[in-house]
Amino acid sequence: MTGADRAAGARRSMGKEIAIRLCGVASLVLCAFAARTLHRLVHPPPPHQATLSELLLGAATFLTFVGGLALLIEGGGLFERIAVPQRNRFTGF
């Protein structure tokens, strides 16, 4: 493999890395809007029990936050395959 081939692969890899991290940022922006909406739904003056839609919005907010944070921090490393040593593999019963 020549230096030019490695550089081209690095550019492709860098592009994927940036795209994954931008998806993480977009997910966090979506999370912020969902959290703002959830706050407005949950805190009206008369106290009330949480509705199904409020619970689902809360779950969606949490999932978009966790997913976005993972994509932003780890980037493409989140999807890398890693070698597991033989002694640590689950062999069953």
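Only heavy atoms go into these numbers, but all of them, side chains included; no hydrogens, no water, no symmetry mates. Numbers here simply count residues along the sequence, with the first being 1.
L55 shares a hydrophobic cluster with no other residue; no ILVMFWY side chain has heavy atoms under 4.5 Å from its own.
Sorted by first and then second residue, the pairs that involve residues 49-60 and meet side-chain hydrogen bond (donor to acceptor under 3.5 Å, both in side chains), not counting sequence neighbours, are H48-E54, T51-S53. The salt bridge (charged side-chain N to carboxylate O under 4.0 Å, His left out) pairs that include a residue from residues 20-34 are E17-R21, where partners are two or more places apart or lie in different chains.
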For residues 30-45, please give each side-chain donor-acceptor pair under 3.5 Å, one per line with the distance, not counting sequence neighbours.
from: T37; atom 1: OG1; to: F33; atom 2: O; distance (Å): 2.9

Identify every side-chain donor-acceptor pair in residues 57-75 under 3.5 Å, counting partners at least two apart or on other chains, and give the distances.
from: T61; atom 1: OG1; to: L57; atom 2: O; distance (Å): 2.7
from: T64; atom 1: OG1; to: A60; atom 2: O; distance (Å): 3.0
from: T64; atom 1: OG1; to: T61; atom 2: O; distance (Å): 3.0

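By the side chain to side chain contact (heavy atoms under 4.5 Å, CB included) test, I18 is found to be paired with M14, L22, residues two or more places apart in sequence or in another chain being considered.
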